[in-house]
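Comments concern the structure below.
Since the model is a prediction, treat every value here as computed from it, not as a measurement. Letters A, B, ... mirror the listed sequences (proteins, then strands); counts begin at 1. Computed from heavy atoms alone, side chains included, the values below leave out hydrogens, waters and symmetry copies.
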There are 2 protein chains.
Amino acid sequence: MLAEFQQYLSDHANLTEDALREISRLAVPASIPRNGVLLEAGDTCRHKIFIINGLLRTFSITEDGNEHILQFSPERTWTLDVESYDKHTPSQVSIAAVEPSNVLLWHKPDFDDLLLRFPELKRFSEQLISRNIYSSRNRILTMLSGTPEEKYADFVQTYPGFLARLPLRMIAAYLGISLKTLTRIRRAQLRR
Amino acid sequence: MLAEFQQYLSDHANLTEDALREISRLAVPASIPRNGVLLEAGDTCRHKIFIINGLLRTFSITEDGNEHILQFSPERTWTLDVESYDKHTPSQVSIAAVEPSNVLLWHKPDFDDLLLRFPELKRFSEQLISRNIYSSRNRILTMLSGTPEEKYADFVQTYPGFLARLPLRMIAAYLGISLKTLTRIRRAQLRR
DNA sequence: CGGAATTATGGTCAAATGACCTTGTTGCGC
DNA sequence: GCGCAACAAGGTCATTTGACCATAATTCCG
């Protein structure tokens, strides 16, 4: 399991052998079954999570019982609830596995330590943060501007691989539309 | 004009006299009239902007001619199009003044230099970035979960001061609802 | 100060959307 | 391999939303 991670990291950041070894040494591997929960809303997020394979979703359930999905996290990406992680506050969101997944976890104190010891890791983290900001902004723009059709088209184009791996209701929960409208859109597109 | 900025900065970051002086020295003051444009979509964002007083908005106009507002930036906040600024690519968005505003500008090379010279400024910037991430995430969640009423209520609660300073159509463009629905909501609330 | 532009509100109507329910199918877990 | 739960899709209907238009009020700028 660590091999995939090391491959990923040396592909994306310019780390020394030593750094790579240290980062790996502090990683805690975990296997999550389908629908297994990694972070429960209300708990504090204590780990950084790297997904080796599988697919996670970050979501929140409102009082009316509806699920809203903030993010999908496939293999070779990271996830966590930053706000809870940074401030040690209860998380608003849950993180659970859509598919059975293998992940690596780092405890916050360990990871903070790594960031101090390896400036190159810090630089890499900052890149990830930047991308996060760009994509959040783009998502907000898409949510503002589009009709449901456009949002769906945008989703298919932006995340081509996800369509086949997700139940439609989750895509609807991600786009902020009802399952009904989503199936209507797809029917219309089939007839074309 | 610099006085307000220095006050702000020494209130929020732990900077030396020297740092404060250097940061101020590289700031370029500018006055923007109402509807004045600071960044035009298509141009590259070359500055960091600090708003001393007034109010800016960051928006994008889609092909169908509709304006969508990503952000309002009141006095004592920062703004820019990060993606364009970081990558030197054409901006997707425009930034313009809602009220006549006074701002400070830093050229990117200057600010990058400041970040290297003053680690405390870097730390402060990272805090701002974090807050940006938290609020983007919260906004996405609100956009997903709420009815127009709830979104409006949330807006009023989150930004109490803005209501009086903005035309309703801009609030609608920020919430992603039509002006019509917004006035309907407000009428319903008046009768209560 | 006065004309012009912006803004808020309301009416009307068509279209889109969601809530609820039913049905048939898939696929997961034991 | 089987049974049950999750899932996609369709029907119906009430409600919401937006587009378009007109009008009044306000604000801005020369």
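Distances shown here put a side-chain N or O of A:R187 below 4.0 Å from the OP1 or OP2 atom of D:dG10. Checking the phosphate oxygens (OP1, OP2) of D:dA9, no side-chain nitrogen or oxygen of A:T183 falls inside 4.0 Å. Residue B:R34 places at least one side-chain N or O under 4.0 Å from the OP1 or OP2 atom of D:dC29. Listed pair B:S178 / D:dT17 fails the phosphate criterion, with no side-chain N or O lying under 4.0 Å from OP1 or OP2.
No more than 12 heavy atoms of other residues, nucleotides or ligands shown are found within 6.0 angstrom of CD on A:Q92.
Using cut-offs of 30° and 60° on the angle between ring planes, the pair A:W106 and A:F5 is tilted.
Here the side chain of B:K180 is nearest to one of D:dG10, D:dA19, D:dC7, namely D:dA19.
Atom CG of B:D64 and atom P of D:dC20 are 11 Å apart (whole Å). The interatomic distance linking B:R169 (CZ) with D:dT26 (P) rounds to 19 Å, in whole Å.
Within the 4.5 Å cutoff, no side-chain heavy atoms of B:T62 are placed close to those of A:E150.
Ring centers of A:Y159 and A:F72: at least 6.0 Å apart, outside the cut-off.
A donor N or O paired with an acceptor N or O is found under 3.5 Å between the base of D:dG18 and the side-chain atoms of B:R184.
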